[in-house]
Amino acid sequence: MHKKSFYALDICIKMRYTSSRSMENKLNDDFEEENKMKKLFALMLALAMMLTAAAASAESLKVGLNAEFAPFEYVDDDGKITGFDVELITAIAEKMGMEVEIENMYFDGLLGALTSKMVDCLCTGMTITEERKASVDFADPYFTATQAVVVLKDNDTIHSIDDLKGKKAAVQDGTTGHFMAQDDLGCDVSDTVYKAATDAALDVVNGRADCMIIDDAVAQNLVKKYDTLTILEGMDMPVEEYGIAVNKDSAELLTKINEALAAVKEDGTYDALIAKYFN
Ligand code: GLN
């Protein structure tokens, strides 16, 4: 072959080589670009998954209560729902990696709200009773209470349980105090059943009712608030225990609540709350 031809061929080959090199480079660049995109995508996906996991871990626990039961649950001066139960269930939820969402409603509507799954649990000074256990489950007891008889300080008709028979008793709808007054103590509750415990207390303050039957810790709070009221001594009422209620098909939640309750008792949170609200 002619020298010139060799030269031309050489150039040609070089050109092809360069062009294939540049093509290769381009392909490489594309490949790197694609790799970068893939990495970025994987990173974004991981981030999204982490965020979802974080959101899931801060899942909310819907808690039903009646915030008219100080010191267990009440609305404070700033309009915030607080109290022993509220702080307790918040600490329990925290141990479970959950956030509390409060649903405030009348006491007599709470069990229905739970069984219709409007809320996940009830933490509202609710006494564990056989009747309630027929429709819901209770976690381990967290507080011991008894019913108290609240009267005016100058009351001179009620001195014993027997004296309660036929007396007008103001009560809160659907509570153990309500059932006890009506079914066991023979009180007249025909027109003295209230949605709110404070309204029942006012009946005694105003002399519309002879007494009020309500949980002792709440009675003590009311007596502090209305200085004409007092609690009758020596009434010897049965002991009641408060429990957090959950639905019967929420066995897993029940176990978690019991574990978390044990943990807040163990780490001193429970005792600190008792000291804060009952001393
Ligand atoms: N312990 C009472 C009950 O379970 C009252 C509870 C309440 O009024 N929050 O009926």
Side-chain angles (χ1 to χ4, degrees), residues 62-76 81-90 92 100 102-115 118-119 121-150 169-185 187 189 192-204 209 211-223 225 229 231 235 237-247 257 261 273-274 277-278:
K62 278 196 187 155
V63 181
L65 53 76
N66 173 236
E68 301 192 57
F69 205 61
F72 294 95
E73 39 271 326
Y74 57 96
V75 181
D76 72 9
I81 295 174
T82 187
F84 177 83
D85 282 348
V86 178
E87 290 206 47
L88 179 68
I89 196 68
T90 304
I92 287 174
V100 156
I102 302 279
E103 297 284 342
N104 184 18
M105 56 192 100
Y106 286 125
F107 189 81
D108 67 329
L110 285 168
L111 282 171
L114 178 60
T115 51
M118 263 175 73
V119 293
C121 68
L122 306 176
C123 186
T124 184
M126 184 171 272
T127 304
I128 303 171
T129 67
E130 290 308 314
E131 291 80 2
R132 290 172 180 158
K133 269 160 79 178
S135 55
V136 297
D137 279 345
F138 284 96
D140 296 335
Y142 69 87
F143 198 87
T144 305
T146 179
Q147 292 301 306
V149 182
V150 180
V171 293
Q172 187 189 2
D173 202 4
T175 61
T176 44
H178 176 190
F179 303 133
M180 188 178 284
Q182 171 185 284
D183 306 331
D184 307 326
L185 303 170
C187 298
V189 294
T192 46
V193 178
Y194 293 93
K195 291 280 182 197
T198 32
D199 289 337
L202 283 174
D203 252 15
V204 186
C211 64
M212 174 185 191
I213 314 291
I214 193 158
D215 303 43
D216 52 352
V218 179
Q220 276 156 25
N221 213 65
L222 289 167
V223 162
K225 195 167 160 190
L229 296 181
I231 296 170
M235 287 286 118
M237 299 289 212
V239 166
E240 299 183 12
E241 284 187 307
Y242 294 168
I244 297 165
V246 299
N247 272 308
I257 289 177
L261 175 61
L273 290 178
I274 290 283
Y277 285 99
F278 300 102

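Numbering of ligands and ligand atoms starts at 1, following listing order.
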Item to complete: Side-chain contact test, heavy atoms from C-beta onward, threshold under 4.5 Å: evaluate it for Ile244 versus Ile89 and give yes or no.
Response: yes

Discussion item. Are Asp215 and Thr127 packed together at the side-chain level, in the sense that at least one heavy-atom pair is separated by less than 4.5 angstrom?
Written reply: yes

Discussion item. Enumerate the side chain to side chain donor-acceptor pair (under 3.5 Å) contacts for residues 172-181, please, sequence neighbours excluded, ordered by first and then second residue.
Written reply: Asn66-Gln172, Gln147-Thr176, Thr176-Glu240, His178-Gln182

Practice prompt. Begin with the C-alpha distance, continue with both residues' side-chain angles, and end with the deciding distance and a verdict on side-chain contact (heavy atoms from CB on, under 4.5 Å) for Val63 and Val119.
Written response: CA-CA 6 Å; Val63 181; Val119 293; over 6 Å; no

Fill in: Residues in contact with ligand 1, criterion: heavy atom under 4.0 Å
Phe69, Phe107, Thr124, Gly125, Met126, Thr127, Arg132, Gln172, Thr175, Thr176, Asp215, Tyr242

Worksheet item: How long is the gap from CG on Asp140 to CD1 on Ile128, to the nearest 0.5 Å?
Response: 8.0 Å

Discussion item. If you apply the rule ring-ring contact (aromatic ring centres under 6.0 Å, His included), what do you find for Phe143 with Tyr277, and how did you get there?
Written reply: CA-CA 13 Å; Phe143 198 87; Tyr277 285 99; over 10 Å; no

